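Computed from a predicted model, the values in this text were never measured in an experiment.
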Amino acid sequence: MVTIAYADGPSAPRCSPFEVLAAAGSAADTPFRLLLGWTAERHEWLADARVTGHSVLAGYGVSGAVLDGRIVPLPARLGSVATMLQEQPPEIGVVAGVRRGHGYAFHRSVGWADVLASVAGKVVVEVDEDGVDLGGPDVVGDVVGELVRVGGPVAAAPRSLDDVDRTIAANVLSLLPDDPTVQFGLGGVAEAIAAAIDRPVRLWSGLLTDTAAALHDRGLLLGPVTASYTWGGDGVDGLHAAGMLDLVSATVTHDIGRLSAIPRLVTCNGALQVGLDGSVNLERVDGRTIAGIGGHADFCAG
């Protein structure tokens, strides 16, 4: 049984595991299981009954496979995935990249893809020939094949903000200290907070969206943004072009030691439910898996 691990995030590889096996020089009938992370797209191949495995952050794209019981969510915080990969290296790792010289650089997001590429027995790179090099790390590993990516970056589709979102954002702003470093999670509330910020801030975040990138256009960024995942287009690209984006590994952005050393760090993370005792539910509602722990625990601990 071969384990095929896919890098995660909005720019995660789209190729099917059957294409990956061929690119890695394996027989088409090789039995496999997958290790997935945050999967934002609903790939057609995820509906194939032969596709089974685990996910360390069951995103929207794998909800059907999770409901079918073919993909099993693992309750792992994002900051622990690198250690898990190092302890149990997959036979094949799949990452998304752009060309850089005679090699590759990670495409729009890094996450734990750098660790995956370094420890996997074989690496297949899905190359975006038209992709923008956002300055992420080089892909370092035993690259044995490449596949060409079809289509551009995943378009973010934030929901329309309502009065509740804006009220929450105003309450968060009232708590910000002077000269804060802010982190945003995923979702409408985080977008509302980013849009409402009216004072200079620094950003250190797992995720960077166009809304957060727009803080630079508004003259409200005190320095370059450090992020591991990007979900956007022109706004994110413009931030990179201005020299204001440092795209790094999740081993940096989600490192609790680094986070705890950042003065006046304010982390803004979403949840499915919050109890009156302060407990937070990030994963399930009525027995249905919605999301995963992700970086929430890392940033809260930091």
Side-chain angles (χ1 to χ4, degrees), residues 2-15 17 19-26 32 34-39 56-57 76-149 153 204-208 224-231 236-237 240 243 245-258 295 298:
V2 171
T3 297
I4 304 174
Y6 276 70
D8 69 339
S11 59
R14 296 167 173 165
C15 50
E19 294 174 290
V20 172
L21 286 172
S26 300
F32 66 87
L34 301 186
L35 176 65
L36 304 172
W38 171 27
T39 306
V56 292
L57 203 170
R77 61 182 180 84
L78 200 149
S80 69
V81 176
T83 300
M84 183 176 70
L85 291 170
Q86 290 163 344
E87 292 177 347
Q88 294 183 303
E91 284 78 10
I92 303 174
V94 195
V95 302
V98 293
R99 298 194 188 280
R100 178 184 289 167
H102 297 293
Y104 310 94
F106 290 103
H107 174 51
R108 304 197 75 84
S109 294
V110 184
W112 38 267
D114 60 324
V115 178
L116 171 61
S118 69
V119 303
K122 297 179 179 179
V123 178
V124 174
V125 181
E126 185 182 90
V127 184
D128 186 343
E129 300 286 14
D130 301 317
V132 177
D133 185 344
L134 293 180
D138 292 327
V139 176
V140 177
D142 186 9
V143 178
V144 299
E146 68 173 45
L147 295 164
V148 176
R149 186 181 184 90
W204 179 293
S205 192
L207 176 67
L208 172 70
V225 174
T226 298
S228 188
Y229 300 89
T230 70
W231 197 349
V236 171
D237 295 351
H240 163 67
L245 174 60
D246 188 13
L247 188 62
V248 300
S249 170
T251 59
V252 175
T253 54
H254 291 66
D255 179 74
I256 293 174
R258 285 185 173 92
D298 300 316

Is [X] salt-bridged to [Y], going by a charged N under 4.0 Å from an acidic O?
| X | Y | value |
| --- | --- | --- |
| Lys122 | Asp142 | no |
| Glu129 | Arg99 | yes |
| Arg14 | Asp128 | no |

4.5 Å side-chain heavy-atom contact, [X] and [Y]:
| X | Y | result |
| --- | --- | --- |
| Leu35 | Leu85 | yes |
| Thr230 | Leu134 | yes |
| Ser205 | Val225 | no |
| Val124 | Glu146 | no |
| Thr251 | Val115 | yes |
| Pro17 | Leu34 | yes |
| Val248 | Thr253 | yes |
| Ile92 | Val123 | no |

Audit row: Asp237, Arg108, salt bridge (charged side-chain N to carboxylate O under 4.0 Å, His left out) steps and yes/no: CA-CA 9 Å; Asp237 295 351; Arg108 304 197 75 84; 2.8 Å; yes
Sequence-distant partners of Pro224, side chain to side chain contact (heavy atoms under 4.5 Å, CB included), two or more places apart: Met244
By side chain to side chain contact (heavy atoms under 4.5 Å, CB included) - contacts of Pro89 (at least two apart): Val119
Gln86 CD: over 12 foreign heavy atoms closer than 6.0 Å: yes
If you look at every heavy atom in [X] and [Y], which pair is closest and at what distance?
| X | Y | answer |
| --- | --- | --- |
| Val95 | Pro13 | C-CG, 3.7 Å |
| Ala117 | Val139 | CB-CG1, 4.2 Å |
| Arg149 | Ala96 | NH1-CB, 4.0 Å |
| Leu78 | Tyr229 | CD1-OH, 3.6 Å |
| Ala7 | Ala12 | O-CB, 3.3 Å |
| His107 | Val132 | ND1-O, 4.4 Å |

Is the backbone of [Y] close enough, under 3.5 Å, to the side chain of [X] for a donor and an acceptor to pair up by distance?
| X | Y | value |
| --- | --- | --- |
| Tyr6 | Thr39 | no |
| Ser228 | Ala250 | yes |
| His240 | Asp133 | yes |

To the nearest 0.5 Å, what is the distance between [atom1] on [X] and [atom2] on [Y]?
| X | Y | atom1 | atom2 | value |
| --- | --- | --- | --- | --- |
| Leu57 | Arg77 | CG | CZ | 13.5 Å |
| Glu91 | Leu21 | CD | CG | 11.0 Å |
| Ile4 | Leu36 | CD1 | CG | 10.0 Å |
| Trp231 | Ser109 | CH2 | OG | 10.0 Å |

Name of the residue among Val125, Asp138, Val140 meeting side-chain contact (heavy atoms from CB on, under 4.5 Å) with Tyr104: Val125
Output field: ring centroids Trp112/Trp38 closer than 6.0 Å: no
